[in-house]
Amino acid sequence: MAHRASAVISNMEFVQFHPTALADEGLPIKPHTRENAFLISEAVRGAGGILYNQAMERFMPQYDSRGELAPRDVVARSIDDQLKKRNERYVLLNISHRTKEEILYHFPNIAAECLKYGLDITKSPIPVVPAAHYMCGGVQAKLHGETPIMGLYVAGEVACTGLHGANRLASNSLLEALVFAQRAVEPSLDYMIRSNIDIDESVKWPFPVVPTVLGVSQLNEVKHITALTRMKLQKIMWDYVGIVRSIDCLKIAEKSLADLELEWEDHLFRFGWRPYMVNLEVCELRNLFSCANLVVSSALARQESRGLHYIVDFPNLVESQRLPTIIFPSSPLKSTWSTQLVHKLFADPVCLCDNPNENKGGTLVGQA
């Protein structure tokens with residue numbers, strides 16, 4: 001949304017994967033489709049949990065001398081490598097060598113969740129798989145949440161303050177959620193008090209409309225197509241823009257996303273959809289397309305492996321590239337409905353620098 005409103009976006013290639021989400025297909029009783037993955041805490045590995053492939057072969061020492069205590073990104077890449085080499089869908093995390101009392105005391109929620117689906121973690125290993133977890137990049141902001149868009153302040157996961165760098169530490173989220181949120185609130189309130197917002201200007205904008213005029217059958221068709229398209233988008237991102245990347249895969253993703261987006265929008269408008277209509281599923285997918293394109297563009301721009309961005313074509317860290325990836329607002333001439341600018345008025349992105357005459361540099365992606 002901020003990108004369409006002409007905000008500057010930064011570091012979208014740095015997507016953190018949690019190494020051990022519960023793999024539903026490995027459970028004795030298969031749960032219904034989840035909205036979000038259930039995460040198996042890293043504390044399980046910290047308490048002595050051991051990772052095995054499905055042949056019950058311990059594999060982490062092959063990848064890192066720290067074994068299961070290696071950092072998140074290392075563990076996630078190691079699991080990913082095992083899954084691809086063995087053509088398996090999940091690995092196993094075993095903590096059953098600890099006493100039942102210890103396990104239930106330290107991990108009651110994990111034990112209860114697994115038991116709901118027929119798995120007793122005090123006796124059997126837990127099926128796990130990496131899952132997308134946290135976006136380190138986002139809307140480029142200064143230390144008080146300021147953006148180039150007058151009146152827009154950002155805080156939390158949507159913001160890119162540089163706090164997380166290329167590889168997030170979990171506890172840094174408390175700093176971002178508490179300190180930076182407070183910093184953003186204060187100037188935004190001050191802006192509201194000082195600004196002379198002309199409410200009458202809003203009448204020039206088309207009001208959003210719930211698409212009741214489409215009729216039940218047409219709206220259901222729109223929702224059905226949108227649900228199918230969302231699953232296709234997720235598969236593209238998992239298959240080609242996942243934990244380990246390559247230039248070829250990223251280019252496939254770029255082309256596949258563009259084709260899928262145009263196909264979806266064509267379906268929408270053929271069923272009577274209009275740009276001013278609003279629906280939860282449609283709005284979410286529109287934003288997902290925008291975010292997916294930003295991630296791919298950023299990943300293609302960074303020709304090194306750093307932190308959460310690992311690309312086989314450039315496996316080494318390059319110190320000269322210790323710069324943010326910067327995406328400027330999209331071109332209104334080439335955009336789809338999902339990415340088109342809301343309006344053309346935006347400030348010079350250089351104003352994010354402490355000195356308006358100073359450009360601190362970065363990897364420029366240009367107009368995404």
Side-chain angles (χ1 to χ4, degrees), residues 3-4 8-17 73 76-77 79-81 83-85 87 129-138 140 160 166-167 226 228-267 285-318 320-341 362-368:
H3 176 60
R4 291 197 299 271
V8 179
I9 310 298
S10 186
N11 289 355
M12 290 292 284
E13 69 271 34
F14 298 124
V15 181
Q16 185 173 63
F17 284 78
D73 59 313
R77 282 198 296 273
I79 293 173
D80 182 70
D81 187 57
L83 297 180
K84 289 173 179 173
K85 283 180 176 176
N87 193 29
V129 67
H133 183 48
Y134 197 92
M135 173 60 71
C136 291
Q140 197 177 69
C160 182
N167 203 346
T226 298
L228 291 177
T229 304
R230 180 169 179 152
M231 287 190 288
K232 291 178 182 178
L233 181 150
Q234 289 172 326
K235 189 174 190 314
I236 291 169
M237 295 301 287
W238 179 257
D239 289 347
Y240 301 112
V241 199
I243 298 167
V244 176
R245 300 162 178 170
S246 72
I247 293 293
D248 287 344
C249 284
L250 290 171
K251 288 183 176 178
I252 291 171
E254 188 175 47
K255 175 69 164 55
S256 300
L257 287 170
D259 292 344
L260 183 63
E261 188 175 0
L262 288 173
E263 179 187 334
W264 174 62
E265 291 184 5
D266 180 60
H267 279 303
L285 186 55
R286 185 188 186 195
N287 292 334
L288 285 173
F289 267 118
S290 186
C291 286
N293 286 318
L294 291 169
V295 171
V296 173
S297 296
S298 296
L300 280 168
R302 184 168 293 281
Q303 297 188 353
E304 64 159 351
S305 289
R306 181 181 294 274
L308 301 170
H309 172 69
Y310 185 85
I311 186 162
V312 295
D313 307 86
F314 306 100
N316 299 316
L317 185 147
V318 180
S320 62
Q321 292 200 31
R322 189 187 283 273
L323 295 167
T325 306
I326 301 170
I327 299 181
F328 290 110
S330 61
S331 166
L333 298 177
K334 298 181 180 179
S335 60
T336 61
W337 172 63
S338 294
T339 57
Q340 68 187 6
L341 292 178
T363 303
L364 304 182
V365 177
Q367 296 177 322

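Just the heavy atoms: all of them, side chains too, but no hydrogens, waters or symmetry mates, feed the values below.
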Inset, instruction - Measure the spacing between OH of Tyr310 and OG of Ser305 and express it to the nearest 0.5 Å. - result: 5.5 Å
Inset, instruction - Would you give the length of the straight line joining atom OG of Ser290 to atom CD1 of Ile9, rounded to the nearest 0.5 angstrom? - result: 8.0 Å
Inset, instruction - Assess whether atom NZ of Lys255 is packed by more than 12 heavy atoms of other residues, nucleotides or ligands within 6.0 Å. - result: no
Run the side-chain donor-acceptor check on residues 234-243: report pairs under 3.5 Å with partners two or more places apart or on a different chain.
residue	atom	partner	partner atom	Å
Lys235	NZ	Asp239	OD2	2.5

Inset, instruction - Over all heavy atoms of both residues, which pair between Ser246 and Ile311 is shortest? Give the atoms and the distance, please. - result: CA-CG1, 3.8 Å
Inset, instruction - Taking the side chain as every heavy atom from C-beta outward, state whether Thr325 and Met12 have any pair of such atoms under 4.5 Å apart. - result: no
Legend entry - Approximate separation, where rounding is to 0.5 Å, of Glu254 CD and Leu250 CG: 8.5 Å
Legend entry - Minimum side-chain heavy-atom gap Arg306-Arg322 below 4.5 Å: yes
Inset, instruction - Compare all side-chain heavy atoms of Leu233 with those of Glu261 and state whether any distance is below 4.5 angstrom. - result: no
Legend entry - Shortest non-hydrogen contact between Pro324 and Asn11, atoms and distance: CA-OD1, 3.2 Å
Legend entry - Distance in Å, Phe289 CZ paired with Thr229 OG1, rounded so as to fall on 0.5 Å steps: 6.0 Å
Legend entry - Nearest atoms (heavy-atom pairs only) where Arg245 meets Ala299: NH1-CB, 3.9 Å
Legend entry - Side chains of Asn167 and Leu308 in contact at under 4.5 Å (non-hydrogen atoms): yes
Inset, instruction - With the side chain counted from C-beta on, respond yes when Val129 and Ile79 share a heavy-atom pair under 4.5 Å apart, and no when they do not. - result: no
Inset, instruction - Could you tell me whether the side chain of Met135 reaches within less than 4.5 Å of the side chain of Val295, counting heavy atoms only? - result: yes
Inset, instruction - State, with a plain yes or no, whether a side-chain heavy atom of Arg302 is found less than 4.5 Å away from one of Phe14. - result: yes
Inset, instruction - Quick one: pull up OG in Ser10 and CG in Leu323 and give me the separation to the nearest 0.5 Å. - result: 10.0 Å
Legend entry - Closest non-hydrogen atom pair between Gln321 and Glu304, with its separation: O-OE2, 3.4 Å
Inset, instruction - Considering only NZ, NE, NH1 and NH2 on the basic side and carboxylate oxygens on the acidic side, decide whether Asp81 and Arg77 come within less than 4.0 Å. - result: no
Legend entry - Rounded distance (nearest 0.5 Å) linking atom NE2 of His3 with atom CG of Asn287: 11.5 Å
Inset, instruction - For residues Ala132 and Phe17, report the shortest heavy-atom separation together with the two atoms involved. - result: N-CD2, 3.5 Å
Legend entry - Minimum-distance pair of heavy atoms, taken over all atoms of Arg286 and Trp264: N-CH2, 3.9 Å
Inset, instruction - Compare all side-chain heavy atoms of Arg230 with those of Thr226 and state whether any distance is below 4.5 angstrom. - result: no
